[in-house]
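Quick notes on the structure that follows.
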Amino acid sequence: MQNISLPHDHGQRFEKDYEDMPKEEDFQTVSDIFKQLCDGSRIRIFWILCHCEECVINLATLVGMSSPAVSHHLRQLKSCGLIVSRRDGKEVYYKAADTPKVQVLHEVIEKMVEISCPDGK
């Protein structure tokens with residue numbers, strides 16, 4: 001860890017926290033995830049998929065969008081690891097990934113918009 005001397009001494013000691021600070025790449029990863037959540041429709045789709053597994057056609061009906069538009073949002077969410085998919089015959093089903101990152105994002109979304117999840121999830 002490089003030794004940093006801050007230009008102003010405000011009586012605070014950040015050295016220990018600085019040593020434990022995540023790498024720059026980690027912050028970029030967080031930024032990339034938030035970029036994927038820059039669209040209200042995409043957040044809504046993500047929220048739905050936190051509660052159930054669903055196909056594109058049903059998602060399109062739930063959010064009042066075309067299937068191609070929903071597919072675009074699903075690709076974006078999948079590219080950053082927020083959702084996963086599985087194929088059953090010709091149908092592809094999507095759901096939120098089972099990761100701590102996804103759980104935290106789901107909780108944050110719920111708190112920010114004060115939504116109560118069905119079934120107490």
Side-chain angles (χ1 to χ4, degrees):
M1 172 56 49
Q2 85 185 52
N3 190 9
I4 292 185
S5 177
L6 298 177
H8 297 131
D9 182 1
H10 299 290
Q12 301 172 0
R13 295 290 169 234
F14 185 70
E15 290 84 7
K16 172 76 172 101
D17 292 329
Y18 184 77
E19 289 175 9
D20 296 334
M21 185 166 62
K23 295 177 282 200
E24 187 175 339
E25 302 86 50
D26 297 328
F27 288 108
Q28 187 59 50
T29 299
V30 172
S31 174
D32 293 342
I33 291 168
F34 282 130
K35 285 177 190 173
Q36 296 307 320
L37 296 174
C38 70
D39 183 284
S41 294
R42 195 171 301 151
I43 294 172
R44 190 171 173 206
I45 292 167
F46 173 72
W47 184 88
I48 291 168
L49 295 176
C50 287
H51 296 276
C52 65
E53 181 180 65
E54 206 49 85
C55 67
V56 173
I57 292 172
N58 286 352
L59 282 168
T61 300
L62 286 168
V63 297
M65 297 173 68
S66 69
S67 292
V70 169
S71 293
H72 168 75
H73 289 302
L74 292 170
R75 278 191 301 278
Q76 298 298 319
L77 291 167
K78 193 171 181 183
S79 74
C80 63
L82 296 179
I83 65 169
V84 294
S85 64
R86 71 172 179 87
R87 181 174 289 279
D88 185 4
K90 292 183 179 184
E91 201 71 62
V92 178
Y93 294 91
Y94 298 87
K95 67 178 183 175
D98 187 18
T99 65
K101 167 177 63 174
V102 166
Q103 291 169 357
V104 168
L105 283 172
H106 178 224
E107 290 173 19
V108 167
I109 291 166
E110 295 219 331
K111 288 188 185 318
M112 292 191 70
V113 295
E114 299 177 8
I115 295 175
S116 295
C117 293
D119 301 325
K121 289 185 180 179

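- The side-chain contact (heavy atoms from CB on, under 4.5 Å) check on Glu25 picks up Lys23, with sequence neighbours excluded.
- What you find for Cys80 and Gln36 is that their closest heavy atoms are SG-CG, 3.4 Å.
- Going from atom NE2 of His72 over to atom OG of Ser66 covers 10.5 Å, rounded to the nearest 0.5 Å.
- Counting only distance, with no hydrogens or angles, the side chain of Ser31 and the backbone of Phe27 share no donor-acceptor pair below 3.5 Å.
- Side-chain contact check for Leu49 versus Glu54: some heavy-atom pair is nearer than 4.5 Å.
- Residues Val70 and Ile57 have side chains not in contact (no heavy-atom distance under 4.5 Å, counting atoms from C-beta outward).
- Residue pairs meeting the salt bridge (Lys or Arg N to Asp or Glu O under 4.0 Å) criterion with at least one partner in residues 61-71, sequence neighbours excluded, do not occur; the list is empty.
- The aromatic rings of Trp47 and His106 lie tilted to each other, with the angle between the two planes from 30° to 60°.
- Looking only at side-chain heavy atoms (C-beta outward), Arg42 and Leu77 come within less than 4.5 Å of each other.
- Within the 4.5 Å cutoff, the side chain of Val84 has no heavy atoms near those of the Tyr94 side chain.
- The neighbour count for Leu62 CG, taken as heavy atoms of other residues, nucleotides or ligands under 6.0 Å away, is above 12.
- Interatomic distance, Cys50 SG to Ile43 CD1, rounded to the nearest 0.5 Å: 11.0 Å.
- Remark: Asp26 CG is packed, more than 12 non-hydrogen atoms of other residues, nucleotides or ligands lying under 6.0 Å away.
- The line from CD of Glu53 to OG of Ser85 is 9.5 Å long, rounded to the nearest 0.5 Å.
- The side-chain heavy atoms of Leu59 and Leu74, taken from C-beta on, include a pair separated by under 4.5 Å.
- Partners of Gln28 according to the side-chain hydrogen bond (donor to acceptor under 3.5 Å, both in side chains) rule, which considers only residues two or more places apart in sequence or in another chain, are Asp32.
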**OP:** Please report the C-alpha distance between Val102 and Ile83 in whole Å, then the side-chain angles of each, then the deciding distance to 0.1 Å, and finally whether the side chain to side chain contact (heavy atoms under 4.5 Å, CB included) criterion is met.
**Re:** CA-CA 8 Å; Val102 166; Ile83 65 169; over 6 Å; no
**OP:** May I have the step-by-step check of side chain to side chain contact (heavy atoms under 4.5 Å, CB included) for Lys95 and Cys52, ending in yes or no?
**Re:** CA-CA 6 Å; Lys95 67 178 183 175; Cys52 65; over 6 Å; no
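- Every residue two or more places apart in sequence or in another chain was checked for a side-chain hydrogen bond (donor to acceptor under 3.5 Å, both in side chains) with Gln76, and none qualifies.
- Contact of the Val56 side chain with the Val92 side chain is not registered, since no non-hydrogen atoms from C-beta on lie closer than 4.5 Å.
- Under the side-chain contact (heavy atoms from CB on, under 4.5 Å) criterion, Ser41 pairs with Asp39, Met65, His73, sequence neighbours left out.
- Residues forming a side-chain contact (heavy atoms from CB on, under 4.5 Å) with Asp88 (at least two apart in sequence, or on another chain): Arg86, Tyr93.
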